[in-house]
Amino acid sequence: MTPIFDLNLLLTGTYHDWLVAGLITSLSLTGISLALALPLAIVIALIRLSPVKLLQWSGFAFVEAIRNVPLLAHMLFWYFAAPELLPTALREWLYARNVEATSAIIALTLYTAAYMSEDVRSGIRSIPGQQFEAARALGFSFVASMRLVVLPQALRVTIPPLISQTLNLWKDTSIATVIGVAELMYQAAKVESASFRSFEAFAFASACYLGMSLLITGAGGWYQGRFPVRPA
C-alpha cells in the first residue's frame, strides 16, 4: 500500500536532490537580486529628491513604469523580448549561458528596486530638513550632504520596510518558474510530474517558503526591538 506521505522521498534520492537544488537556486536569486536592488534603490531615491527637475521626472517615470506592470510581465519581457533587441553576437552569447536566470535576476532587481526606492525616499524625507540645510551651509554638495549626513540616518529608519520588501522578493522568486528557471517551484513541479507525489513535493516547497519567510519576518521583528525608531 502506498503511504499517504512518503518522507523518504524528501530526505534521500534524486527527488531530494532536485528539491534542494531548487531551494538553493531560489535563495541565490533572492541574494543576488537584493544585492543589486538595494544600491539601485538608493540611487533612484536620490534622483527623485534631486533639485534637477529632469532627474526628478526620470526617477518618477522609472518607478511608476516598473510598479504598475505585473512582475510576470517583467519576467516575460526580459526573457522573450529584451534579448531580441541585442546585437546578434551578444544575443547568442547570452543564449549559450543561463539566460533564464539572468532574465529573472534583471526583472526581480528592477521590480524590487522600484519599491525599495520609495521606502528609502520616505526615510530620507523623515529626517528633519534642517540637517540637510546645515550640511549645505557647511559647503557640502547635494550628494555629499545626502551621503554623509542624511542617508546614514534615513537607512536606519528604512530597514524595517526594506526587510518587508526582502520578504516579498523571496516569495516573488517563485514567478521565475514561468521562464524555466529551475528554482524551488519549478523543481517541485518536476518532482510531481516524475513521481506523481504532489503532496510531498509541494509540501516541501511550502515548508521552505514558510520557513524562510518566518526567518525574514523574525529578523525584522528583532531589529525593531533592538533598534526602535525614535522621533528625530
Side-chain angles (χ1 to χ4, degrees), residues 17-48 58-59 61-121 155 158-159 161-190 205 208-213 215-217 219-220:
D17 295 340
W18 289 355
L19 292 169
V20 171
L23 173 59
I24 293 172
T25 299
S26 291
L27 291 172
S28 298
L29 288 176
T30 302
I32 295 171
S33 299
L34 179 61
L36 296 173
L38 184 55
L40 178 59
I42 294 173
V43 171
I44 296 168
L46 293 177
I47 287 175
R48 293 206 63 185
S58 297
F62 173 85
V63 170
E64 294 305 312
I66 296 295
R67 296 203 308 171
N68 288 291
V69 175
L71 178 56
L72 176 60
H74 285 293
M75 288 277 184
L76 296 176
F77 171 80
W78 287 105
Y79 180 61
F80 288 108
E84 297 304 315
L85 303 176
L86 299 174
T88 302
L90 182 57
R91 183 171 66 248
E92 291 177 352
W93 179 88
L94 186 61
Y95 281 136
R97 287 155 179 81
N98 196 345
V99 63
E100 296 86 2
T102 302
S103 301
I105 288 171
I106 293 173
L108 289 168
T109 296
L110 295 178
Y111 195 75
T112 303
Y115 280 91
M116 282 186 167
S117 69
E118 291 298 276
D119 293 328
V120 174
R121 187 166 70 99
L155 288 178
T158 308
I159 284 179
L162 291 181
I163 290 176
S164 178
Q165 294 296 346
T166 302
L167 175 60
N168 291 334
L169 171 60
W170 161 244
K171 293 183 290 185
D172 286 344
T173 59
S174 62
I175 300 178
T177 191
V178 301
I179 58 173
V181 180
E183 45 72 60
L184 186 55
M185 284 303 298
Y186 180 95
Q187 296 288 31
K190 182 179 176 182
C208 289
Y209 283 117
L210 176 61
M212 192 63 191
S213 296
L215 185 62
I216 295 172
T217 302

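Interatomic distance, Met116 CE to Gln165 CD, rounded to the nearest 0.5 Å: 6.0 Å. The structure places CG of Leu71 at 9.5 Å from CG of Leu76, a figure rounded to the nearest 0.5 Å. Here the OG1-NZ distance, from Thr177 to Lys190, works out to 11.5 Å after rounding to the nearest 0.5 Å. Here Ser33 contributes atom OG and Leu40 contributes atom CG; the two are 11.5 Å apart, rounded to the nearest 0.5 Å. One finds the CD atom of Glu100 at 9.5 Å from the OH atom of Tyr95 (value rounded to the nearest 0.5 Å). Atom SG of residue Cys208 and atom CG of residue Leu184 lie 5.0 Å apart, to the nearest 0.5 angstrom.
Residues Val120 and Leu46 fail the side-chain proximity criterion, which asks for heavy atoms closer than 4.5 Å. Residues Trp78 and Leu110 form a side-chain contact, since some pair of their non-hydrogen atoms from C-beta on lies under 4.5 Å apart. Considering only heavy atoms from C-beta on, Leu19 stays 4.5 Å or farther from Leu23 through its side chain.
Across every non-hydrogen atom of Ala101 and Asn98, the tightest pair is N-OD1, 3.2 Å. Across all their heavy atoms, Ala113 and Ala41 have their closest contact at O-CB, 3.6 Å. Minimum interatomic distance between Ser213 and Lys171 (heavy atoms only, all atoms of both residues): OG-CG, 4.1 Å. Here the closest heavy-atom approach between residue Met185 and residue Ser174 is recorded as CG-CB, 3.7 Å. Heavy atoms only, all atoms of each residue included: Ala104 and Ile179 are closest at N-CD1, 3.9 Å.
In this structure a side-chain-to-backbone donor-acceptor pair under 3.5 Å is present from Thr173 to Trp170. Distance alone, capped at 3.5 Å, places no donor-acceptor pair between the Ser26 side chain and the Glu183 backbone. Side chain of Ser117 to main chain of Ala114: a donor-acceptor pair is present (N/O by atom type, distance under 3.5 Å, no hydrogens or angles).
Screening Leu169, Leu167, Thr30 for a side-chain contact (heavy atoms from CB on, under 4.5 Å) with Ile216, the sole residue that qualifies is Leu167. No option in Ile42, Leu38, Asp119 other than Ile42 meets the side-chain contact (heavy atoms from CB on, under 4.5 Å) test with Leu155.
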Under 3.5 Å, which donor-acceptor pairs do the side chains of residues 85-93 form with other protein atoms, sequence neighbours left out?
unit_1: Arg91; atom_1: NH1; unit_2: Leu86; atom_2: O; d: 2.9

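Scored by the ring-ring contact (aromatic ring centres under 6.0 Å, His included) test, Tyr111 finds His74, Tyr115 as partners (sequence neighbours excluded).
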Verdict with supporting geometry, Val63 and Arg48, side chain to side chain contact (heavy atoms under 4.5 Å, CB included): CA-CA 10 Å; Val63 170; Arg48 293 206 63 185; 4.1 Å; yes
